[in-house]
Amino acid sequence: VRCLDGGADDVMDKPFYPEELLAKIRARLRAREFEAGDREELWLGNLRLDPSTLAVEVAARKVVLTPTEFALLRYFVERTDRVVPRKQLLGDLWPDAVVTRRTIDTHIANLRKKLQGFDHGFETIYGSGYRLTRLRETLIS
């Protein structure tokens with residue numbers, strides 16, 4: 001009790017199993033990585049994501065997203081320029097929920113509307129999924 005009150009994260013009684021010690025160390029490292037990752041802002045072009053407040057800005061303009069839209073956008077920002085199959089999205093973002101592939105399509109359509117002015121866009125990869133990629137600039141002659 002004195003150790004925990006003194007600031008220790010965990011305590012183990014002797015004798016203990018080395019496997020238990022290693023498992024506790026791994027769990028603590030995972031928790032620290034998760035905590036650190038949620039404090040850092042993510043930037044992609046003119047988009048700013050703040051995971052700690054769920055704030056989103058495009059070109060310094062605030063954008064209001066639902067928690068699901070935020071999670072989906074963050075997922076793609078962390079995987080920019082990679083094709084993400086719908087099946088992978090379903091498994092990673094909704095592992096225990098019963099959702100259809102059309103659910104993803106609807107969320108992507110909503111993000112496309114809300115992220116007007118974002119210098120990246122969601123590209124539909126027919127028969128596979130989506131990719132978040134930098135938009136090509138149009139040249140005016």
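- With contacts defined as side-chain heavy-atom distances shorter than 4.5 Å, the pair L72/L89 qualifies.
- Within the 4.5 Å cutoff, no side-chain heavy atoms of I108 are placed close to those of T124.
- Judged by distance alone, with hydrogens and angles left aside, the side-chain atoms of T80 form a donor-acceptor pair with the main-chain N or O of V77 at under 3.5 Å.
- Contact check for H120 versus L47: no side-chain heavy atoms found under the 4.5 Å cut-off.
- Residue pairs meeting the salt bridge (charged side-chain N to carboxylate O under 4.0 Å, His left out) criterion with at least one partner in residues 114-126, sequence neighbours excluded, are E69-K114, D119-R134, E123-R131.
- R112 places a side-chain N or O within 3.5 Å of a backbone atom of F122 that can act as its donor or acceptor partner.
- For the pair F76 and L111, the minimum side-chain heavy-atom distance is 4.5 Å or more.
- F70 is linked by a ring-ring contact (aromatic ring centres under 6.0 Å, His included) to nothing, counting only residues two or more places apart in sequence or in another chain.
- The two residues F118 and L135 make their nearest non-hydrogen contact at O-CD1, 3.5 Å.
- The ring-ring contact (aromatic ring centres under 6.0 Å, His included) test applied to Y130 returns no partner, not counting sequence neighbours.
- You'll find the side chain of L132 reaches within 4.5 Å of the side chain of L44, heavy atoms only.
- When all heavy atoms of S128 and V83 are compared, the pair lying nearest together is OG-CG1, 3.6 Å.
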Name each donor-acceptor pair under 3.5 Å that joins a side chain in residues 54-63 to protein atoms two or more places apart or in another chain, with its distance.
from : atom 1 : to   : atom 2 : distance (Å)
E57  : OE2    : R48  : NH2    : 3.2
R61  : NH2    : Q116 : O      : 2.5

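- Here ring-ring contact (aromatic ring centres under 6.0 Å, His included) pairs that include residues 44-67, with residues two or more places apart or in two chains, number zero.
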TODO: Could you walk me through whether L49 and W43 pass the side-chain contact (heavy atoms from CB on, under 4.5 Å) test, one step at a time?
DONE: CA-CA 6 Å; L49 291 174; W43 286 87; over 6 Å; no
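- Heavy-atom minimum distance, R82 versus R79: NH2-CG, 2.8 Å.
- The ring-ring contact (aromatic ring centres under 6.0 Å, His included) test applied to W94 returns H107, not counting sequence neighbours.
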